[in-house]
2 protein chains.
Amino acid sequence: MGMEKPRTRIQKKNRETILEAALEVFSQHGFRGATLDMIAGAAGLSKPNLLYYFPSKEAIHVTLLSGLMDTWLAPLREMDTGGDPMEELRGYVRRKLQMSRDFPRESRLFANEIVQGAPRMQEGLETELKALVDEKAELIRGWIAQGRIADVDPHHLIFSIWALTQHYADFDAQVRAVLGEGRDPLTEAEGFLDTLFTRLLAP
Amino acid sequence: MGMEKPRTRIQKKNRETILEAALEVFSQHGFRGATLDMIAGAAGLSKPNLLYYFPSKEAIHVTLLSGLMDTWLAPLREMDTGGDPMEELRGYVRRKLQMSRDFPRESRLFANEIVQGAPRMQEGLETELKALVDEKAELIRGWIAQGRIADVDPHHLIFSIWALTQHYADFDAQVRAVLGEGRDPLTEAEGFLDTLFTRLLAP
DNA sequence: CGTGTCCTTGACCGGATGGTCAAAAATGAA
DNA sequence: TTCATTTTTGACCATCCGGTCAAGGACACG
């Protein structure tokens, strides 16, 4: 029954199908609000079949969350000492916003989890995430010391990037309700956020 | 059992007790994750007793949401033509951040609802909220036309204030995990956000 | 074809959960 | 104190839901 690594073609395909369906359902209803029947329906499989590939509902959820963590942190990982600090930071903002556009379900999955106190992610946040953020905060502190960007708290700078970019995925319903039809929130946000961070960080 | 307006002292007190308990439970577990037993337990009442004061679980939830809408919009309502535009906007940011400190449960209640597509708030968002935001956006547009603050999209400016302030309540678990012990996120945010919006809006 | 393994599912189980109800307890006006 | 009204609750119900299981199919390989 140990099925950590898919062995056959069928296993690989069905596990992927299930995770895709689960992402859809969990991101829309949260862990508690999602049911195995919903996921099974979305995946086009029977409920016992789901439980043939995953030991429990929680296992599906955990697999999704941990599998997504890397994807989610990738844009931040890419930011490094390479080029112009201002360009690095604006690039990070752009990539993060692009993720809100391309992967809104993933964003809402995390949001659901964290709003409810991150019961299944505490460890990942305090180790992997904290380590990466602390590392990049140090990098930013260096840029500030060199006078290449303005002096702001690096941790809160990173928080502000998360808050502003993820807002457009997580609170999409609100953003669209307020803007009304015929406006493209994400495209508008791109320009707005570029301006915002340019002005904030100009030395 | 029409009980829209509490008639007796007992009714008033118990309805308040129930709503307070429900806020605690719903904000922590979401609508689906909360159970009547949890709410009853938190309220110190029996489950059938809850249903004596409210017709259903959903009715409790809806009562909470609509009752909170006004509180939630109050800080934005206060922003008007009165004083210096920059001071008005910074004041709004300060008040909104204060709400994240004072009413994190209310913030998470809304967040839970909106992340899941605002199934029980659509109307409120598209009417009451949109109207208020459009009105204030017009006000901001006026300030921009007068050259008293920088030229930024008013709607996205308001979104950015929401995103940045509510982030500290809604994603508290993440913020604290990353910052580690011994830092006070909300106090640090106050200075950071003041700087951010001052630089963004300087004419 | 034969056979052992992998995959799929209808039927079922037990506990949780939203909600009901009848009757008991508390309250309050006369 | 009386008694009608309001409040409270133990017991109960129907449904939902995560999970099990045994048996039936599909598949690969000789």
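The shown structure was predicted, so the numbers you read here are calculated from the model rather than taken from an experiment. Throughout, a chain's letter reflects where its sequence line sits, starting with A, and its residues are numbered from 1.
- Rounded to whole Å, the distance from NE2 on B:H29 to P on C:dA16 is 16 Å.
- Rounding to whole angstrom units, NZ of residue B:K13 and P of D:dT7 are separated by 11 Å.
- The interatomic distance linking A:F54 (CZ) with D:dG18 (C1') rounds to 16 Å, in whole Å.
- The ring pair (Phe, Tyr, Trp, His ring centres under 6.0 Å) pairs that include a residue from residues 79-125 of chain B are B:W72-B:F110, where partners are two or more places apart or lie in different chains.
- Remark: C1' of C:dG18 and CG of B:L51 are 8 Å apart, rounded to the nearest angstrom.
- Out of C:dG19, C:dT9, D:dT8, the shortest distance to the side chain of A:P48 is found at C:dT9.
- Residues from residues 32-47 of chain A lying near DNA chain D, meaning a heavy-atom separation below 4.0 Å, are A:A34, A:T35, A:L36, A:K47 in numerical order.
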### Task
Sugar-phosphate means primed atoms, P, OP1 and OP2; the rest is base. With that split, encode nucleotides 24-30 of chain D 5' to 3' as B, S or - using protein heavy atoms under 4.0 Å.
-------
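- Listed by chain and residue number, A:Y168, A:V175, A:R176, A:L179 satisfy the side chain to side chain contact (heavy atoms under 4.5 Å, CB included) test with A:P185 (two or more places apart in sequence, or in another chain).
- Listed by first then second residue, pairs satisfying ring pair (Phe, Tyr, Trp, His ring centres under 6.0 Å) with a partner in residues 21-47 of chain B read B:F26-B:F31, B:F26-B:H61, B:F31-B:H61, not counting sequence neighbours.
- In this structure, the side chain of B:R148 does not engage the main chain of B:M86 through any donor-acceptor pair within 3.5 Å.
- The phosphate of C:dT20 has neither OP1 nor OP2 within less than 4.0 Å of any side-chain N or O from B:Y52.
- Taking atom NZ of residue A:K12 and atom P of nucleotide C:dC7, one finds them 15 Å apart after rounding to whole Å.
- OP1 or OP2 of C:dC6 has not a single side-chain nitrogen or oxygen of A:N14 nearer than 4.0 Å.
- At least one side-chain nitrogen or oxygen of B:Q11 sits closer than 4.0 Å to the OP1 or OP2 atom of D:dT7.
- Between the side chain of B:S160 and the main chain of B:L157, a donor-acceptor pair closer than 3.5 Å is present.
- Distance CG (B:L50) to C1' (C:dT17): 13 Å, rounded to an integer number of Å.
- Residue B:N49 places its side chain closer to D:dT9 than to any other of D:dT9, C:dC7, D:dG19.
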### Query
Stepwise, does the salt bridge (charged side-chain N to carboxylate O under 4.0 Å, His left out) test hold for B:E128 with B:R77?
CA-CA 12 Å; B:E128 198 176 352; B:R77 284 220 172 79; 3.8 Å; yes
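- Across B:N49, B:L45, B:L23, a single residue satisfies side-chain contact (heavy atoms from CB on, under 4.5 Å) together with B:I18, and that is B:L45.
- Rounding to whole angstrom units, CD1 of residue A:I60 and C1' of D:dC17 are separated by 14 Å.
- Screening residues 96-106 of chain A for salt bridge (Lys or Arg N to Asp or Glu O under 4.0 Å), with sequence neighbours left out, gives A:E20-A:R105, A:E24-A:R105, A:R101-A:D184.
- Across A:Q166 and A:S100, no two heavy atoms sit closer than the pair CA-OG, 3.6 Å.
- One atom, CD1 of B:I18, and another, C1' of D:dT7, lie 12 Å apart when rounded to the nearest Å.
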